[in-house]
Amino acid sequence: MAGASSRTLLEKSPHRLLARAVAEAARSLGAEIDPREVEYVVSESPDPRLGDYGVPLARFARRHRLDPGELAERVRELLQEEPLVAEVVEARGYLNIRLSAAEAARLLAEALRREGEALGLVKTEEPMRLVVEHTSANPVHPLHIGHARNASLGDTLARLLRARGHWVETRFYINDMGRQVAVMVYGFRLAGISSVPEGVKPDHYIGLVYAITHTLADIEQLKRRLEELKKQGRGDSEEYRETLRRLDSLVADAARLRERDPELFDRIAEAIKGRDPDRDISEIMRAYEQRSDEQLVKLFRSLVEQCLCGFRETLERMNIRHDKWDWESDLAWTSMVGRVLEEARRSPYYTIHRGAEALNLQPLLEDPVIRKALGVPEGYEVPPLILRRSDGTTLYATRDIAYTLKKFREANADKVYNVVAAEQRLEQLQVRLALIALGYRREGLNTVHYAYEMVNLPGQKMSGRRGRYITLDQLLDQAVAIARREVEKRSPSLPEEEKQRIAEAVGTAAVRYALVSVSAPKPMTFDINKALDFEQSSAPYILYTHARAANILAKAKQRGIEIDWDNMDHGAAEENPLRRRLAIQLLQYPYIFTKAADEQRPELLVAYLNRLADTFNKWYASGDSAVNEPDPAKRSLKLALVAATKHILANTLRILGIEPIERM
RNA sequence: GGGCCCGUAGCCUAGCCAGGAUAGGGCGCCGGCCUUCUAAGCCGGUGAUCCGGGGUUCAAAUCCCCGCGGGCCCGCCA
């Protein structure tokens, strides 16, 4: 069996080659340079005449007070021993290398022969046990585009880390203790029903009940306020007029909601008349937390479970499945939250803040190790964290501390990733600091807030409380419908069933791809027409390229042509600039993959996919056919390039949660 | 009031942490290419005061300071 593996490709990636050479050369001249420092700044050369990759060597020489000429000479000597380096070129402060495409092709072919479809997926030498919590949407309305960003990022992160060889468990935190769920349950009680009617997607119906109830409750509240103001003789105050304006807007929302199900709306509206919804809801919430009403507990659990069924159905379409589903209420009902409180009382950071039990987290920020690990700037002030209300009930953050510990314990985890919106930054920081305050330093420092910014729609802002949202189901349906039209146009002769299968795959893939294409901390405006643009830089483009590569291999097989590993003209990779570029780009994959995994940056994979597909399509269009190549040794080389491209596209798509297809 | 995130062509986006080579892509728009492995493709053209102003540096989209615009957070909410 041949020698090179994907790990070899990783070690021989231009980044690593240059970094090692520069670090070693510097050491021989008496200076210490961290190879990573060099690796970061390796870049592609702007002009092929200057080589393929380069590093601004002059700046390292300057920084470490070395003679630039001497350093360059040492680096050159080291690199010239490497068969993959065809030439060393110095230009404008840079030291560049031109790679030997023949050697790149040889290494690539060896790795491909040895690893087949697993090409490029280099396993880590330090596997860890990891938990990724993601999606965790409130079970009161259907998933919308914002949840889809969370779910896509979370699922991709989990798949990426698994591909890298870590043990990963995904979890969904079921937030059933909040006021929102109580509002939803209240609505079902008012409507006099205990489950979602047959034939309706449960999360959609629950979302409607929730929005109606929330809006009507708010209307009741505002009406009461207006009465009060009038009684106080403040009927012409600014507050009165402002309240009136808000009421108007709520009434408009209510009218829209009524249109969706007049009968349901009227029933809830009739039942809520003359009640004090705020008090009712608080009462329901308390009864659930204390488990004082068995019927009610059953209703809560059953409705939430129905909503989760809806979530699962939607997530399934996006190839997302969670390993574990954790109920927030289970934390409150068992001793877990109680134990957190006991431990807090023994902590030196325990304090009574305005009559409530709390943790004073500020002193922890004096420790620079903690600050650095949690990414907190110097001088940052963190407010005390209330753990228990004066009335004895616990808070979201308290339960979240217990939950984080549960995640560590049950999975015996080394690290926990929380894929949670950026707006929760403070709460996430407080939870991590609280863990440290309670003596769980390792857990606190190894909990990662994987933050992402909100997704907005081009029009108005979404609001679950008012039922103003585009559901993920609608979005996926729309995407599939667009894909279906395309399939119809391009492949009218395919059987109906296959057309639909392709449309489903392409449409849902387009949504996922678009969501991970934008880096997480960037706010996103989701324009459905743009996301579903089936042009370059989209899932359909990558899928098409994959299908194209698959088609070439299928055609070769049809003609009885196989890759002859022992008679392969690696040198042929040098003959054509596009073959050459493809070989070098493929060689780069293990480096990109490991970097994406180790830095948790799936968007690097998206960028790479676009570049690889681009090069492959250009090569394809240049007419340098693989199956029609008469020279068997050259043909083997070309087919190896096609196969490597196909496997790498397929593997990377799978990491993005997209199932590659052979035909489209 | 304090803090965090974002600001790159008409639109979207990479690069910023770890400063260096003419700021990469995509969409749009204009013009080409289907009797050879799939035209969801390819080729050519068009388009950027890198939000503004200072500073550090041999060198700034990138680092620092002051502003501007957008979003978010500062609850005994979740």
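Keep in mind the model is a prediction, meaning the values are calculated, not measured. Chain identifiers are assigned alphabetically (A, B, ...) following the order of the sequence lines, protein sequences preceding nucleic acid strands; residue numbering begins at 1 within each chain.
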Identify the nucleotide, in any strand shown, that forms a Watson-Crick or G-U wobble pair with [N], with both distances under 3.5 Å; if there is none, say none.
N	answer
B/C4	B/G71
B/U22	none
B/C33	B/G41

Could you work out the separation of [N] and [M] based on their [atom1] atoms and round it to a whole Å?
N	M	atom1	result
B/C4	B/A40	C1'	41 Å
B/G47	B/C29	C1'	10 Å
B/C77	B/A18	P	40 Å
B/A78	B/G55	C1'	44 Å
B/G44	B/A60	P	32 Å
B/G15	B/A59	P	26 Å

Write down the distance between [atom1] ([X]) and [atom2] ([N]), rounded to a whole number of angstrom.
X	N	atom1	atom2	result
A/L543	B/A40	CG	C1'	10 Å
A/L426	B/C77	CG	C1'	13 Å
A/L385	B/C77	CG	C1'	13 Å
A/Q428	B/C4	CD	P	18 Å
A/R388	B/C77	CZ	P	14 Å
A/Q430	B/C4	CD	P	16 Å
A/E37	B/C17	CD	P	13 Å
A/D391	B/C77	CG	C1'	13 Å

[X] side chain near [N] phosphate (N/O to OP1/OP2, under 4.0 Å):
X	N	result
A/Y541	B/G26	no
A/Y396	B/A78	no
A/R611	B/G24	no
A/R59	B/G20	yes
A/R490	B/A40	yes
A/R389	B/C77	yes
A/K489	B/A40	no

Are the side chains of [Y] and [X] in contact, using a 4.5 Å heavy-atom criterion?
X	Y	value
A/R465	A/H141	no
A/L515	A/M524	yes
A/D400	A/Q428	yes

Intermediate values then yes/no, ring-ring contact (aromatic ring centres under 6.0 Å, His included), A/Y403 and A/W327: CA-CA 10 Å; A/Y403 183 43; A/W327 292 78; over 10 Å; no
What is the nucleic acid contact for [X], judged by heavy atoms within less than 4.0 Å: base, sugar-phosphate only, or nothing?
X	result
A/M664	base
A/L387	nothing
A/Q424	base
A/V627	base

Does B/C12 adopt a syn or an anti glycosidic conformation, taking syn as a chi angle within 90° of 0?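 Anti, angle beyond 90° from zero.
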With stacking defined as ring centroids separated by under 5.5 Å and planes differing by under 30°, is A/Y544 stacked against B/G41?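 A/Y544 vs B/G41: stacking no.
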Check the geometry between A/Y620 and B/C42 and answer yes if their rings are stacked (centres below 5.5 Å, planes below 30°), otherwise no.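 No, A/Y620 does not stack on the base of B/C42, since the centre distance and plane angle fail the 5.5 Å and 30° test.
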What is the ring orientation for A/F300 with A/Y288, classed by angle as parallel under 30°, tilted 30 to 60°, or perpendicular over 60°?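 A/F300 and A/Y288: parallel rings.
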If you draw a 6.0 Å radius around CZ in A/R345, do more than 12 non-hydrogen atoms from other residues or ligands fall strictly inside?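 For A/R345, atom CZ is crowded (more than 12 foreign heavy atoms under 6.0 Å).
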Tell me whether A/Y608 contacts the main-chain N or O of A/Q585 through its side chain, where contact means a donor paired with an acceptor under 3.5 Å.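 Indeed, once roles are kept as given, a pair shorter than 3.5 Å links the two residues.
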Examine distances only and state if a side-chain atom of A/H147 and a backbone atom of A/H144 form a donor-acceptor pair shorter than 3.5 Å.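 The answer is yes, because a donor-acceptor pair under 3.5 Å joins these two groups.
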RNA chain B: 5'-proximal contact among A/R62 and A/R354 (nearest heavy atom):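 Its nearest nucleotide being more 5', the pick is A/R62.
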First of A/A547 and A/I386 reached from the 5' end of RNA chain B, by closest nucleotide: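 First, find each residue's nearest nucleotide; the 5'-ward one identifies A/A547.
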Which of the following nucleotides, [options], is nearest to the side chain of [X]?
X	options	value
A/E423	B/C43, B/C73, B/A21	B/C73
A/S625	B/A78, B/C37, B/C76	B/C37
A/P46	B/A21, B/C37, B/C77	B/A21
A/K555	B/C37, B/A78, B/A18	B/C37
A/N96	B/A21, B/C37, B/A78	B/A21
A/S537	B/G26, B/A39, B/C76	B/G26
A/Y40	B/G20, B/A18, B/C76	B/A18
A/E599	B/A18, B/C76, B/A39	B/A18

Check each of A/T404, A/D330, A/N175, A/T394 against A/R399 using the side-chain hydrogen bond (donor to acceptor under 3.5 Å, both in side chains) test, and report the only one that passes.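 Answer after filtering A/T404, A/D330, A/N175, A/T394: A/T394.
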Give a yes or no on whether a salt bridge exists between A/E486 and A/K489, defined as a side-chain N under 4.0 angstrom from a carboxylate O.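 Looking at A/E486 and A/K489, the cut-off is met.
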A/F616 ring centre to A/R548 NZ or CZ under 6.0 Å, with the angle to the axis within 45°?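 Checked: cation-pi criterion not met.
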Could you encode protein contacts along nucleotides 5-15 of chain B as a string, one character per nucleotide from 5' to 3', using B for base contact, S for sugar-phosphate-only contact and - for no contact, with a heavy-atom cut-off of under 4.0 Å? SSSB--S-SSS
